[in-house]
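Report on the structure given below.
The structure presented is a predicted model; accordingly, all values stated were derived computationally and were not measured. Whatever order the structure lists ligands and atoms in, that order sets their numbers, starting from 1.
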Amino acid sequence: METIDLTALRNYTRRTGQATHPDLLDARPLDHVNKIEIDEEHITVEYDEKITRFYNANEITHREWIYKYNDDPEFVAAVGKVIELARRHLKDLPENIACPPGCAECCSGYEPFVSKADVERIAGHFGMTYEETLRRYVVERPSADGFHVGWLRKVGDDIADQCVFLMGSRSGRHYCGIYEARPHDCRDFTPIGCGDVDAALPRKTAWKVGPAFAPKRRGRSPNGKRL
Ligand code: SF4
Ligand code: SF4
């Protein structure tokens, strides 16, 4: 058993303020790493051991080294945290990679920015003019660089209100009423690491969405009411 001291490496990082680059490491011992384990107190690295047996003697070419580092609990805890996070993500990924059908929690309390191209797409989807789409569905706040023209309206004034295009509710499931034409901001939204997920919804059941969002007609209804 041998102890490898990484203090010099950490001093280098402290002195230069630079993360230690793998090129600066003597990584030769890692050629024969068999196992690395991290717990609250130790980082344990086990190396391969190759034993060639002769008639009356053994030749050990790669000794088994166990490296334990427990002088700096903060360091060990930090490394442990990274490993744990990586493990959790690996474990969570298959579940998180798709939203549970009908969740759409992010379509409330979040205001997707829209570009001119987004408004044009939504206008084309409804067969409406650009100007009317902008007036009806967008809170106009052009960005300084002119790329965004504003954000999508909500059904009310509260920041937690839902997007004007969000559909469904009675079943507890929601869906986007303009899915094919939704803004890029919504397309780019990733469920990975999402903290808003509606955990009550099953992920595996098939669920058929309802009708698409239909803009209210302008004019008067047969009973004379303004639409
Ligand atoms: S899981 Fe997150 S990203 Fe997906 S629909 Fe729900 S709130 Fe939105
Ligand atoms: S446009 Fe669709 S996806 Fe985007 S916030 Fe509104 S309902 Fe959600």
Item to check | Derivation and outcome, ring pair (Phe, Tyr, Trp, His ring centres under 6.0 Å), residues Phe165 and Tyr179 | outcome: CA-CA 9 Å; Phe165 296 127; Tyr179 192 75; over 10 Å; no
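Distance check: Cys103 SG to Asp196 CG gives 8.0 Å after rounding to the nearest 0.5 Å. In this structure, CE in Met167 is found 4.0 Å from OH in Tyr175, a value given to the nearest 0.5 Å. Of the inter-residue distances, the one linking Met128 atom CE with Thr133 atom OG1 reads 5.5 Å to the nearest 0.5 angstrom.
For a distance threshold of 2.8 Å, the protein N, O or S atoms nearer than that to atom 6 (Fe) of ligand 2, listed by chain and number, are Cys163 SG.
Of all atoms in ligand 1, numbered sequentially from 1 with element shown, those under 4.0 Å from a heavy atom of Ala104 are 5 (S), 6 (Fe). Heavy-atom contacts of Cys103 reach the following atoms of ligand 1: 1 (S), 5 (S), 6 (Fe), 7 (S) (cutoff under 4.0 Å). Shown in contact with Val197 at under 4.0 Å from a heavy atom are these atoms of ligand 1, numbered in order with element: 1 (S). The contact set between ligand 1 and Phe189, taken as ligand atoms under 4.0 Å from a residue heavy atom, comprises 3 (S).
Among pairs with a residue in residues 115-130, those fulfilling salt bridge (charged side-chain N to carboxylate O under 4.0 Å, His left out) read Lys116-Glu120, Asp118-Arg121, at least two apart in sequence or across chains.
Counting non-hydrogen atoms of neighbouring residues, nucleotides and ligands closer than 6.0 angstrom, the OH atom of Tyr110 exceeds 12 such neighbours.
Looking at heavy atoms from C-beta onward, Thr129 lies in side-chain contact with Glu132 at the 4.5 angstrom threshold.
Summarising the contacts of atom 8 (Fe) of ligand 1 with Gly102, Cys106, Cys99, Pro100, the nearest heavy atom is found in Cys106.
The single protein non-hydrogen atom nearest to atom 2 (Fe) of ligand 1 is Cys194 SG, 2.3 Å, given as residue, atom name and distance.
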Report all side-chain donor-acceptor pairs from residues 139-146 shorter than 3.5 Å, counting only partners two or more places apart or in another chain.
residue	atom	partner	partner atom	Å
Ser143	OG	Asp145	OD1	2.6
Ser143	OG	Phe147	N	3.3
Ser143	OG	His148	N	3.0
Asp145	OD1	Phe147	N	2.9

Donor-acceptor contacts under 3.5 Å from residues 149-162 side chains, at least two apart:
residue	atom	partner	partner atom	Å
Arg153	NE	Arg136	O	3.1
Arg153	NH2	Arg135	O	3.4
Arg153	NH2	Val138	O	3.4
Lys154	NZ	Ile159	O	3.0
Lys154	NZ	Asp161	O	2.6
Asp158	OD1	Ala160	N	2.8
Asp161	OD2	Gly156	N	3.4
Asp161	OD2	Asp157	N	3.3
Asp161	OD2	Asp158	N	3.0

